[in-house]
Amino acid sequence: MRSYIPAQADAAPLFDSTELDSQSARAAFAQDLLSGLKRTPRTVPAKYFYDAAGSALFDQICELPEYYPTRTELKILADFAPQMAAQIGPDAELIEFGAGSLTKVRLLLDAFETINAPTCYLPIDISGEHLENAAQRLRTLYPRLNVKPVVADYMQPMSLPATESPRGRRVGFFPGSTIGNMEPDEALSFLHSAAEMLRGGGLLIGVDLVKDPARLHAAYNDAQGVTAAFNLNMLRRANLELDASFNPAGFNHYAYYNPILQRIEMHLISKRDQTVSVMGQRFSFREGETIHTENSHKYTIDGFRNLAVQAGFRAGPTWTDAENLFSVHWLHAPAA
Ligand code: AVJ
């Protein structure tokens with residue numbers, strides 16, 4: 001699939017009809033949920049966690065004492081922003097994959113002098129509404145920055161708006177270890193497309209690290225139960241959007257570290273035998289039967305650098321925290 005992106009993209013998102021947006025989002029959720037429930041074992045893609053309620057729960061997760069990734073990555077960005085800015089180079093065109101957390105990109109932007117700061121910022125996200133809010137706030141804070149939101153699924157091949165007079169390099173920014181949601185083969189093909197798109201520039205990417213399983217377990221099984229609520233929200237969303245009949249109280253949150261596959265797996269486990277209907281189709285669950293809702297892959301520093309090299313990047317510096325919990329990598333995308 002190729003996204004349609006006009007050469008002269010201006011400040012407005014490309015498709016800003018929120019209603020159309022939510023209609024097609026609902027159809028995609030319906031299709032993916034129905035086909036995932038027919039599979040053995042049952043699965044739902046993790047991207048469907050993020051409706052308004054799910055996004056609010058995720059924001060709460062980021063504040064939890066046990067959930068180290070967000071605050072650790074922020075600390076790494078804050079500590080090493082000048083070195084990262086030096087890798088990015090002057091007059092860059094900065095492309096962020098996913099709904100931009102303004103805090104993160106601002107740490108980078110603030111590390112530049114006015115004369116060499118990025119000239120252009122292209123946040124890419126599937127949610128047009130999210131993007132426009134973030135874009136507006138950033139425009140107020142950085143009046144000299146040309147903010148051009150791109151409504152697209154960055155997992156699909158796409159083209160980007162042409163720059164009027166490109167001066168600097170094209171640089172990608174993919175924080176949050178969102179790449180951990182991809183299977184290693186998907187991560188490889190994502191990195192491969194990114195390397196193509198960013199030729200002559202590079203990619204700054206945040207990656208969560210392999211560590212003591214107890215630490216990982218705590219991060220995905222927090223004492224307050226916020227992660228459980230986030231996982232169960234998938235069922236509430238299905239009830240709200242797809243007229244499904246899930247009883248969220250009939251399922252348990254279950255998250256564990258799979259050391260063979262180096263990933264946290266999140267599941268919803270049926271507490272009892274039960275039948276649920278989704279868009280008129282009925283699904284029977286045995287007690288103990290699971291729906292697999294998320295993988296969160298962890299990497300070693302070398303493992304990730306090797307993957308990036310396989311994808312066509314040249315590995316640059318990697319920055320980490322004192323406890324080696326999280327990593328941020330600069331990857332050079334060689335010119336063709
Ligand atoms: C947003 C995918 C990086 O994998 O840690 C947090 C999502 N899931 N708690 C992660 C998540 C459960 C998060 N990512």
Side-chain angles (χ1 to χ4, degrees), residues 43-77 96-105 123-127 130 134 153-155 173-184 186-187 190-191 204-237 251-259 261-269 290-299 304 321 325-329:
T43 58
V44 191
K47 64 180 174 189
Y48 294 112
F49 280 134
Y50 303 94
D51 64 350
S55 301
L57 285 164
F58 180 68
D59 289 347
Q60 263 181 267
I61 288 175
C62 293
E63 302 286 322
L64 291 169
E66 299 95 330
Y67 193 74
Y68 62 84
T70 311
R71 80 176 58 87
T72 308
E73 183 180 48
L74 283 169
K75 169 119 172 61
I76 297 169
L77 292 172
E96 183 164 350
F97 300 97
S101 147
L102 292 187
T103 335
K104 290 177 188 173
V105 77
I124 308 177
D125 199 84
I126 18 178
S127 160
H130 229 82
D153 180 354
Y154 55 79
M155 286 296 289
F173 182 43
F174 195 27
S177 200
T178 306
I179 195 161
N181 275 167
M182 302 175 199
E183 299 297 317
E186 292 171 331
F190 168 81
L191 289 171
L204 188 67
I205 181 168
V207 181
D208 197 14
L209 297 176
V210 167
K211 61 181 59 64
D212 176 9
R215 185 90 193 235
L216 287 166
H217 187 272
Y220 293 84
N221 290 280
D222 64 279
Q224 292 171 59
V226 182
T227 309
F230 174 72
N231 197 4
L232 288 159
N233 181 61
M234 187 74 89
L235 305 181
R236 293 181 201 285
R237 180 178 183 180
F251 290 83
N252 279 322
H253 163 69
Y254 190 77
Y256 77 104
Y257 184 61
N258 180 333
L261 298 175
Q262 288 186 190
R263 67 191 195 190
I264 287 281
E265 295 188 15
M266 293 216 310
H267 299 263
L268 291 164
I269 303 189
T290 67
I291 309 174
H292 186 174
T293 49
E294 185 175 43
N295 291 319
S296 183
H297 290 264
K298 311 303 171 189
Y299 289 88
F304 187 75
D321 55 291
L325 298 176
F326 199 92
S327 60
V328 178
H329 302 251

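Note that ligands are numbered from 1 as they come in the structure, with each ligand's atoms numbered from 1 the same way. Fair warning: this is a prediction, and the values are worked out from it, not measured in the lab.
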Review point. Looking only at N/O atoms, are Tyr67 and ligand 1 under 3.5 Å apart anywhere?
Key: yes
Check your understanding: Just checking, any donor-acceptor pair under 3.5 angstrom between side chains of His329 and Ser327?
Key -> yes
Check your understanding: Any N or O on Thr178 sitting closer than 3.5 Å to an N or O of ligand 1?
Key -> no
Review point. At a 4.0 Å cut-off, with the gap strictly under it, does some heavy atom of Tyr68 reach an atom of ligand 1?
Key: no
Check your understanding: Looking only at N/O atoms, are Lys298 and ligand 1 under 3.5 Å apart anywhere?
Key -> no
Revision key, fill the gap. For Gly176, the atoms of ligand 1 under 4.0 Å from one of its heavy atoms are 3 (C)
Exercise for review: Tell me, please: is Ser177 in heavy-atom contact with ligand 1, that is, under 4.0 Å?
Suggested key: yes
Review point. What residue and atom, counting heavy atoms only, is the protein's closest point to atom 4 (O) of ligand 1, and at what distance?
Key: Ser296 OG, 2.6 Å
Exercise for review: Using the six-membered ring wherever Trp is involved, compare the ring planes of Phe58 and Tyr50 and label them parallel, tilted or perpendicular (cut-offs 30° and 60°).
Suggested key: perpendicular
Review point. With no hydrogens and no angle check, do the side chains of Arg263 and Asn258 hold a donor and an acceptor under 3.5 Å apart?
Key: no
Check your understanding: Once the angle between the rings of Tyr254 and His267 is folded into 0 to 90°, is it parallel (under 30°), tilted (30 to 60°) or perpendicular (over 60°)?
Key -> tilted
**Study point:** Close N or O approach (Glu294, ligand 1; < 3.5 Å)
**Key:** yes
**Study point:** Contact summary for Phe326 and Thr72, nearest pair of heavy atoms
**Key:** CB-CG2, 3.7 Å
Study note, to complete from the structure: Sorted by chain and number, sequence neighbours left out, ring pair (Phe, Tyr, Trp, His ring centres under 6.0 Å) with Phe173 holds for none
Review point. Taking only heavy atoms of Tyr50, which atoms of ligand 1 are found under 4.0 Å from at least one of them?
Key: 1 (C), 7 (C)
Exercise for review: Take every heavy atom of Phe49, measure it against each atom of ligand 1, and state whether any distance is under 4.0 Å.
Suggested key: no
Practice item. Answer yes or no for Pro69: is there a heavy-atom contact with ligand 1 below 4.0 Å? Key: no
Exercise for review: Under 4.0 Å from a heavy atom of Asn181: give me the atoms of ligand 1 that qualify, with their elements.
Suggested key: 2 (C)
Review point. Which heavy atom of Val210 sits nearest a heavy atom of Gln262, and at what distance?
Key: CG2-NE2, 3.5 Å
Point to revise | Least distance between heavy atoms, Cys62 atom then Thr70 atom | key: SG-OG1, 3.2 Å
